[in-house]
Participant: 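Quick one: this structure, given as structure tokens, is what I'll be asking you about.
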Amino acid sequence: MCGIIGIVGQRDVAARLVDGLRRMEYRGYDSAGICTAHDGQLLRRRAEGKLVGLVNELAQNPASGSTGIAHTRWATHGAPVEKNAHPHATEHVALVHNGIIENFKELRDELRADGRTFESETDTEVVVHLISRRIEQGLAPEDAVAEVLPRLRGAFALAIVFRDHPDMLIGARLGSPLVVGYGEGEMYLGSDALALAPLTQQIAYLEEGDWVTITRDSATIRDLDGNTVERAVQESGATAAMIEKGNYNHFMQKEIFEQPTVVAQTLRSYLRPGEQRVALPQIDFDISSIDRVTIVACGTSYYAAMVAKYWFEQFARVPVDIDFASEFRYREPVLTKGGLALFISQSGETADTLAALRHCREQGQVIAAVVNVPTSSMAREADLLLPTHAGPEIGVASTKAFTCQLAVLAALSAHFAVKKGLMDREEEAEVVKHLLEAPACLNAALDHDEDIAAMAHLIAPARDVLYLGRGADFPLALEGALKLKEISYIHAEGYASGEMKHGPIALIDDSVPVIVLAPSGPLFDKTVSNMQEVQARGGKVVLISDAKGIAQAGEDCMAVIEMPKVHPLIAPLVYAVPVQLLAYHVAVAKGTDVDQPRNLAKSVTVE
Ligand code: G6P
């Protein structure tokens, strides 16, 4: 979602601000803008659409100045047109915002009654007027900001530039992330460390309610009450190379192919192969006493939660509730003491998931989080952090984070079972053995990339596609459908194979490809029966199975995708690969923007 960057520098900053925006393109956006303070003026340039629009605008109307802010906007209030693009500005102040100001209507009414006029439909513009009004009345920037911040309800990360103070910026965060970067004679603000990667590695993460004044050589951080506070400056470890495509055409493609490596990397933290044991980070609560697990997540992370439910229930015999984060708080869930609340998130910043985490904390749950960004809010707020080691994921559609989440969740469920006395040493050794097979099996699945690319043309013309799976492969059917929708804009649905007769079978005809996920194993025959029900009605099936499954049932299929023979435990990891590749190649065949699909954002920081 919206990306923010700010620089108080020593020379013109416009080009570097645009560069910073480029590094945040992956977050998803639909307009962009920049504002510098120069020679007693605020120079603002904005454009709708992709960054090239802003670059062209700057070529025609350059913006000098060694202090400035910039923004990529993902529209919430108001269409993605230039007048709604950030920065929003008065003569005195300009600012960029990530988040939603929930009480903007009442603030706007107040400001209108005060004679102020608005030029955009955004919630953000009230903030600039509130601050500007105080500046015009003679307040210093910091006093104006200190007075306005407590009036804002909702979520925000802000970066603010002042016409008459061209050597400083103010940033603030509540609910949306913002970091401070420490350079040599320069200081920065950014939505994340990656945005600042080529500028500095020295990063301080603002905490909830913090706001900061940066000059070329200082950062003064204050908390909600205005007290000056220290926030540790850490080495971010983010390098510009992390967000380069290398030899791949798209980040999504690169990330799909990274899976064997990053899953192995993740498993290294959770398994002790020599002893054939599962090993989790230090847990300072008694996991064996947990009698209920609630898993909350969004998007692809939610499908990882669905798979985990099968594993937790099967291995640890513990009841598991799963919920979309956006639904969770509002259905007034019953959370009894002694429960574990588990949050799964690539970014660790998804607003709904974070709000659900805080709700569970208030309800006395033990909080665990499976998160890919170790400096994120969720990572910092969890009692038990279970990191995935997927590295930065740039493609909007999540791929490698998903398989790494599954690796962690499989290890966690086995650990849980061991602690509950439900898994003996021999069974644990078996689980470890199968998990260690995953990277090689992922590689074998990736070997079918070219076959999948060759059959993408069969799916690309379709208007609707159905995905079917059973057991722990049912969430994979949902994930396959989500991937296809996200990046190729083809309507797709995932269904539990056995449930197909209760509705979706009415959709079947020869124009609706049906992708069937059916590894050979205990559920194979039943899934194949459902597949035959599709074929009997003229449905065109793509069967994804292993050699044995394909030999048994592949004959009348429109196409088959062969997977290696895998143990059922790791089938969800391995079968993620063909559904990701299929979506990828169909999107490429259709010519869509694979890494930045329309309307989507990488990290959804508004509710
Ligand atoms: C967005 C992304 C998805 C992601 C979901 C949850 O919708 O486009 O790829 O799965 O958010 O994000 P999280 O960071 O919480 O896993």
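This one's a predicted model, so the numbers in the text were calculated from it and none came from an experiment. Just follow the structure's listing: the first ligand is 1, and inside any ligand the first atom is 1.
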Participant: Could you identify the single nearest non-hydrogen protein atom to atom 11 (O) of ligand 1 and state the distance to 0.1 Å?
Facilitator: Lys602 O, 3.8 Å
Participant: Which residue and non-hydrogen atom of the protein lie closest to atom 6 (C) of ligand 1, and at what distance in Å?
Facilitator: Cys298 O, 3.4 Å
Participant: Determine the interplanar angle of the His86 and His71 rings, folded into 0 to 90°, and report it as parallel if under 30°, tilted if 30 to 60°, perpendicular if over 60°.
Facilitator: parallel
Participant: Return the minimal non-hydrogen interatomic distance between Phe328 and Pro333, and the atom names on each side.
Facilitator: O-CD, 3.1 Å
Participant: Centre of Tyr467's six-membered ring, under 6.0 Å away, within 45 degrees of the axis: is that where NZ or CZ of Lys483 sits?
Facilitator: no
Participant: Taking distance alone, with no angle check, do Ser301 and ligand 1 share an N/O pair under 3.5 Å?
Facilitator: yes
Participant: Name the closest protein heavy atom to atom 9 (O) of ligand 1, giving the residue it belongs to and the distance to 0.1 Å.
Facilitator: Val396 O, 3.0 Å
Participant: Give the numbers and elements of all ligand 1 atoms closer than 4.0 Å to a heavy atom of Ser345.
Facilitator: 13 (P), 14 (O), 15 (O), 16 (O)
Participant: Taking the six-membered ring for Trp, are the ring centroids of Phe416 and Phe312 within less than 6.0 Å of each other?
Facilitator: yes
Participant: What pair of heavy atoms forms the shortest contact from Leu386 to Val408, and how long is it?
Facilitator: CB-CG1, 3.8 Å
Participant: Identify, for atom 4 (C) of ligand 1, the protein heavy atom at the shortest distance, and state residue, atom and that distance.
Facilitator: Thr300 N, 4.3 Å
Participant: Quick test: of every protein heavy atom, which one is nearest to atom 1 (C) of ligand 1, and how far off is it to 0.1 Å?
Facilitator: Ala601 O, 3.5 Å
Participant: Looking only at distance, does Gln346 have an N or O less than 3.5 Å from an N or O of ligand 1?
Facilitator: yes
Participant: Which protein non-hydrogen atom lies closest to atom 15 (O) of ligand 1, naming both residue and atom, and how far is it?
Facilitator: Thr350 OG1, 2.5 Å
